[in-house]
Amino acid sequence: MTHDHRPEVLRYTAFSADPAGGNPAGVVLDAAGLDEERMLAIAAELGYSESAFLTKRTGEDAYTIRYFSPKAEVPFCGHATVATALALAEREGPAALEFTTPAGVVPVSVVREGGALRATLTSVTPHVEEVAEADLTEALAALEWAAADLAPALPPRIAYAGARHLVLAAATRERLAELDYDFARLEALMRRLDLTTLQLVWREGPEVFHVRDPFPVGGVVEDPATGAAAAAFGAYARELGLVPEAAVLTLHQGADMGRPGTLTVELRADDARVRVSGTGTRIG
């Protein structure tokens with residue numbers, strides 16, 4: 001098709017104002033001439049957990065967007081959505097955007113706060129489901145966690161807000177910090193259950209959590225700041241009554257990787273969808 005088309009590939013980090021923090025993403029604002037093979041090749045060359053590609057402009061501030069990890073296309077990626085929105089805002093000014101993703105329509109608003117841009121995405125309608133005991137046992141074995149390493153107050157569930165994530169809560173911060181898992185074994189389980197990441201969580205306070213996201217199906221050991229999982233976790237926390245129906249949660253992620261970032265998760269009583277917001281900046 002158009003392998004001679006060489007698009008501009010931008011590099012942004014999301015959920016941190018520091019280029020060395022948060023989660024880096026590749027962003028291609030004009031991917032109309034690219035086929036799947038070329039988009040996958042760009043994502044693999046970058047080596048970030050995901051890259052985003054705007055394949056079509058459908059309105060004034062509306063676009064079709066696709067996401068690729070180094071290994072495959074993914075249905076939704078929160079940090080690459082935030083990165084793309086910030087890249088557009090830097091070029092065209094803050095706006096209310098609309099991205100049509102493979103998972104559904106995701107509105108994103110970008111505002112300027114104290115000189116910095118901040119993006120807020122609104123997820124597709126989420127849902128939460130039970131995880132089979134055998135699958136939980138296999139996940140724990142792949143992670144090399146004991147059943148006693150889980151926090152009883154935050155039971156395991158599979159949560160979805162554009163992509164599927166297995167939520168597992170650690171009983172201690174130390175357990176969360178010691179992430180050394182069987183890559184192939186966990187990848188096999190995740191492919192069978194159609195999971196994008198595992199959302200590993202430790203609760204610091206009523207509305208403050210520390211999270212980590214193994215991402216072997218994407219070809220990387222760990223995702224530094226995971227917007228899609230943050231949205232899914234918001235739905236999980238509300239569904240299980242762990243937080244009020246209207247709440248603002250703070251998720252700290254990436255510190256154990258040396259790339260600290262902060263994700264803000266907003267729940268509204270009159271809206272099942274979950275909002276995830278953060279800052280970001282261009283890399284290089």
Side-chain angles (χ1 to χ4, degrees), residues 11-25 46-50 69-70 74 77-80 82-83 139-151 153-154 156-157 159 163 165-187 189-190 195-234 236-237 242 249-265 276-281 283:
R11 295 166 175 81
Y12 276 76
T13 194
F15 302 116
S16 173
D18 182 352
N23 197 351
L46 283 171
Y48 296 150
S49 55
E50 278 107 356
S69 77
V74 296
C77 173
H79 87 273
V82 166
L140 293 176
L143 288 170
E144 301 179 5
W145 284 23
D149 289 326
L150 295 174
L154 283 74
R157 293 289 189 275
H165 307 267
L166 173 58
V167 180
L168 297 176
T172 65
R173 182 66 179 90
E174 291 73 23
R175 173 68 277 179
L176 185 69
E178 298 170 4
L179 183 62
D180 183 17
Y181 67 91
D182 186 325
F183 190 96
R185 187 172 184 176
L186 188 59
E187 180 183 14
L189 173 67
M190 292 173 68
L195 300 175
T196 297
T197 73
L198 264 62
Q199 176 84 328
L200 307 179
V201 182
W202 176 72
R203 189 173 198 170
E204 178 184 330
E207 297 180 343
V208 178
F209 300 84
H210 295 253
V211 299
R212 300 186 75 174
D213 284 71
F215 188 34
V217 295
V220 296
V221 172
E222 183 177 359
D223 201 29
T226 317
F233 178 74
Y236 159 93
L242 302 173
L249 314 180
T250 300
L251 274 57
H252 297 290
Q253 188 174 356
D256 296 294
M257 301 175 64
R259 294 196 64 94
T262 303
L263 302 89
T264 301
V265 177
V276 177
S277 64
T279 59
T281 189
I283 302 172

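Of the inter-residue distances, the one linking R175 atom CZ with L143 atom CG reads 8.0 Å to the nearest 0.5 angstrom. Rounding to the nearest 0.5 Å gives a distance of 5.5 Å between CG of L242 and OH of Y236. Between L195 atom CG and L186 atom CG the span is 8.5 Å, to the nearest 0.5 Å. Note: E222 CD to D213 CG = 7.5 Å, rounded to the nearest 0.5 Å. A distance of 7.5 Å separates CG of N23 from CE of M257, quoted to the nearest 0.5 Å. Distance check: L249 CG to L263 CG gives 11.0 Å after rounding to the nearest 0.5 Å.
Taking all atoms of both residues into account, the shortest heavy-atom contact from S49 to H79 is OG-CE1, 3.3 Å. A232 approaches H165 most closely through the heavy-atom pair CB-CD2, 3.7 Å. Heavy atoms only, all atoms of each residue included: A83 and A25 are closest at CB-CB, 4.1 Å. Closest heavy-atom contact between L140 and A147: CD1-CA, 4.1 Å. Of all heavy-atom pairs spanning P19 and T281, the tightest one is N-CG2, 3.7 Å. Residue G22 comes nearest to S16 through the heavy atom pair N-CB, 3.4 Å, listed as atom of the first residue, atom of the second, then distance.
Note on R259 versus D223: no salt bridge recorded, every NZ/NE/NH1/NH2 to OD/OE distance being 4.0 Å or above.
Counting heavy atoms from C-beta outward, V220 and S69 have side chains that stay 4.5 Å or more apart. Taking the side chain as every heavy atom from C-beta outward, Y181 and L200 never approach each other to under 4.5 Å. Within the 4.5 Å cutoff, side-chain heavy atoms of L176 are placed close to those of R173.
At least one donor-acceptor pair under 3.5 Å links the side chain of T13 to the backbone N or O of G21.
For the side-chain contact (heavy atoms from CB on, under 4.5 Å) criterion with F215, the lone passing option out of L198, T197, V221 is T197.
Ring planes of F233 and F209: perpendicular class, angle over 60° (limits at 30 and 60°).
Between the side chains of Q253 and T226, at least one donor N or O lies within less than 3.5 Å of an accepting N or O.
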Practice prompt. Using the side-chain contact (heavy atoms from CB on, under 4.5 Å) rule, take L251 and Q199 through it: C-alpha gap first, then chi angles, then the decisive distance, then the call.
Written response: CA-CA 11 Å; L251 274 57; Q199 176 84 328; 3.9 Å; yes
Query raised in the report: Given E207 and T250, is the side-chain contact (heavy atoms from CB on, under 4.5 Å) satisfied, shown in steps?
Result: CA-CA 6 Å; E207 297 180 343; T250 300; over 6 Å; no
